[in-house]
K.L.:
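Pasting in a structure now, in structure tokens, and then I'll have a few things to ask.
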Amino acid sequence: MADRQQAWESDALLVKEILAGSIDHFNLLYEAYFPRVYRFALKRLRDPGEAEDVAQEVFMIVFRALANYRGDSALLVWIFGITRNTVNRRFRKARPHLESIDAPSARQLASKSAAVDRSVDARRALERCVTVIEQDLTPLQRRIFHLKHLRQQSIRSIAGALGKSEDAIKANLYRMRISISDSTPGLEAILGA
């Protein structure tokens with residue numbers, strides 16, 4: 001833990017570098033704190049998928065709100081405040097209404113089976129997409145995917161960060177889409193639904 005905190009001179013300097021556009025400094029922050037944010041979320045949510053979603057959402061919020069960090073507390077404390085709020089929002093989401101299968105209205109559930117089937121199909125397609133990303137894409141393509149779809153960066157900024165041309169980034173994105181689409185039959189139908 002102490003080694004990770006020593007990776008930068010001060011929180012203020014790290015924030016200044018990130019706000020100046022340093023992807024390397026944001027990556028340093030992300031790599032140092034993502035595991036801790038994930039564990040915090042996992043401990044409260046008890047669902048690895050939900051915890052991963054929360055951790056990704058937290059760093060998207062951190063990236064957008066970093067200019068608001070005043071330095072009144074350690075950067076980690078500030079990030080954990082965002083994490084706590086994000087986890088709490090998950091708990092406030094509407095809970096599904098559970099009903100006994102013996103209840104007279106239980107027969108109405110059959111009409112909702114199509115929505116459940118689509119949800120199951122979507123979950124399977126998502127799992128297949130993740131497998132393709134992890135196993136079939138090159139490390140460069142995974143990095144581009146991460147920057148484009150998880151961090152929502154522009155092609156220009158990705159090209160600059162990776163030292164590649166914009167056309168190279170576009171070509172890689174195209175190849176990734178084809179690879180994911182070819183390996184996930186019915187994906188277009190699910191996305192179009």
Side-chain angles (χ1 to χ4, degrees), residues 17-42 45 47-67 79 82-83 86-87 89-90 93-94 96 112-193:
E17 291 294 331
I18 293 170
L19 293 176
S22 173
I23 302 285
D24 291 336
H25 285 85
F26 186 81
N27 288 340
L28 187 64
L29 170 76
Y30 181 86
E31 290 167 7
Y33 290 151
F34 182 88
R36 295 172 77 175
V37 167
Y38 173 79
R39 284 191 304 271
F40 180 90
L42 181 61
L45 297 170
D47 179 339
E50 283 283 313
E52 176 93 19
D53 289 348
V54 163
Q56 290 293 341
E57 185 177 342
V58 164
F59 280 93
M60 287 175 57
I61 293 168
V62 166
F63 187 75
R64 287 191 302 260
L66 198 56
I79 291 172
I82 293 170
T83 305
T86 306
V87 167
R89 277 195 306 275
R90 294 282 172 140
K93 281 185 176 179
K112 295 182 181 178
S113 65
V116 172
D117 289 344
R118 280 195 304 272
S119 177
V120 169
D121 290 344
R123 171 72 70 183
R124 286 183 183 144
L126 178 61
E127 289 170 357
R128 182 65 190 133
C129 289
V130 169
T131 300
V132 170
I133 290 166
E134 291 173 352
Q135 295 177 358
D136 297 350
L137 300 185
T138 66
L140 174 64
Q141 288 174 327
R142 283 193 298 274
R143 182 76 175 136
I144 292 170
F145 182 91
H146 177 80
L147 293 171
K148 178 66 177 161
H149 298 293
L150 300 178
R151 293 206 182 159
Q152 300 178 337
Q153 293 186 358
S154 69
I155 290 174
R156 177 175 288 160
S157 66
I158 295 169
L162 299 178
K164 303 284 183 187
S165 70
E166 290 182 36
D167 287 338
I169 300 301
K170 289 177 187 176
N172 272 290
L173 285 168
Y174 175 77
R175 284 192 292 273
M176 284 184 272
R177 280 189 211 108
I178 295 299
S179 180
I180 291 169
S181 179
D182 288 349
S183 299
T184 313
L187 181 63
E188 290 81 13
I190 291 168
L191 295 175

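All figures in this text were calculated on a predicted structure; none of them were measured in a lab.
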K.L.:
Just jot down the side chain to side chain donor-acceptor pair (under 3.5 Å) partners of Asn27, sequence neighbours excluded, or say none.
P.N.:
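Arg143, Arg151.
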K.L.:
Taking side chain to side chain donor-acceptor pair (under 3.5 Å) as the test, write out the residues that go with Ser157, two or more places apart.
P.N.:
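For Ser157, the residues satisfying side chain to side chain donor-acceptor pair (under 3.5 Å) (neighbours in sequence not counted) are Ser154.
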K.L.:
Inspect the surroundings of CZ in Arg124 and state if more than 12 heavy atoms from other residues, nucleotides or ligands are less than 6.0 Å away.
P.N.:
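No, because the 6.0 Å sphere around CZ of Arg124 holds 12 heavy atoms or fewer from other groups.
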K.L.:
Sequence neighbours left out, what passes side chain to side chain donor-acceptor pair (under 3.5 Å) with Ser22? Give chain and number order.
P.N.:
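For Ser22 the side chain to side chain donor-acceptor pair (under 3.5 Å) partners, ignoring immediate neighbours, are His25.
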K.L.:
Applying salt bridge (charged side-chain N to carboxylate O under 4.0 Å, His left out), can you list everything that pairs with Arg64, at least two apart in sequence or on another chain?
P.N.:
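For Arg64, no residue satisfies salt bridge (charged side-chain N to carboxylate O under 4.0 Å, His left out) once neighbours in sequence are set aside.
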K.L.:
What is the distance from atom CD of Gln152 to atom CG of Leu147, rounded to the nearest 0.5 Å?
P.N.:
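If we round to the nearest 0.5 Å, Gln152:CD and Leu147:CG are 11.5 Å apart.
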K.L.:
Which value, rounded to the nearest 0.5 Å, describes the distance between Asp53 atom CG and Gln56 atom CD?
P.N.:
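Reported to 0.5 Å precision, the distance equals 8.0 Å.
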K.L.:
For the CD1 atom of Ile133 and the NE2 atom of His146, what is their distance to the nearest 0.5 Å?
P.N.:
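That separation rounds to 12.0 Å.
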K.L.:
What verdict does the side-chain contact (heavy atoms from CB on, under 4.5 Å) test give for Leu29 and Ile79, after you've listed the backbone C-alpha separation in whole Å, the side-chain angles of each residue and the deciding distance to 0.1 Å?
P.N.:
CA-CA 10 Å; Leu29 170 76; Ile79 291 172; 3.8 Å; yes
K.L.:
Find the distance between CZ (Phe145) and CG (Leu137) and round it off to the nearest 0.5 Å.
P.N.:
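It is 8.0 Å, given to the nearest 0.5 Å.
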K.L.:
Roughly how far apart are Phe59 CZ and Thr83 OG1, rounded to 0.5 Å?
P.N.:
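Spacing of CZ (Phe59) from OG1 (Thr83) equals 7.0 Å.
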K.L.:
Can you pull the side-chain hydrogen bond (donor to acceptor under 3.5 Å, both in side chains) pairs that have at least one residue in residues 159-173, sequence neighbours excluded?
P.N.:
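Every side-chain hydrogen bond (donor to acceptor under 3.5 Å, both in side chains) pair that includes a residue of residues 159-173, provided the two are not neighbours, is Gln141-Asn172, Arg156-Glu166, Asn172-Arg175.
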K.L.:
Should the ring pair Phe63 and Phe26 be called parallel, tilted or perpendicular, given that the plane angle runs from 0 to 90° and is split at 30 and 60?
P.N.:
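Perpendicular: the ring planes of Phe63 and Phe26 meet at over 60°.
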K.L.:
Locate the shortest heavy-atom distance separating Glu57 from Arg90; write the atom from each residue and the value.
P.N.:
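What the structure gives for the nearest pair is OE1-NH2, 3.2 Å.
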K.L.:
Which atoms form the tightest heavy-atom contact between Ala161 and Ile23, and what is the distance?
P.N.:
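Where Ala161 meets Ile23 most closely, the heavy atoms are CB-CG1, 3.9 Å.
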K.L.:
Which word best sums up how the rings of Tyr38 and Phe34 line up, parallel for under 30°, tilted for 30 to 60°, or perpendicular for over 60°?
P.N.:
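Parallel.
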K.L.:
Please, which pairs that meet salt bridge (charged side-chain N to carboxylate O under 4.0 Å, His left out) have at least one residue in residues 125-136, sequence neighbours excluded?
P.N.:
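Sorted result for residues 125-136: empty, none.
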K.L.:
If we check side chain to side chain contact (heavy atoms under 4.5 Å, CB included) with Ile144, which of these qualifies: Thr138, Ile155, Leu173?
P.N.:
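Among Thr138, Ile155, Leu173, the one meeting side chain to side chain contact (heavy atoms under 4.5 Å, CB included) with Ile144 is Leu173.
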K.L.:
Going from OG1 on Thr86 to CE on Met60, what distance comes out if it is rounded to the nearest 0.5 angstrom?
P.N.:
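Separation between the atoms: 11.0 Å.
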K.L.:
List the atom of Val132, the atom of Ser179, and the distance in Å for their closest heavy-atom pair.
P.N.:
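Scanning both residues, the minimum pair turns out to be CG1-OG, 3.8 Å.
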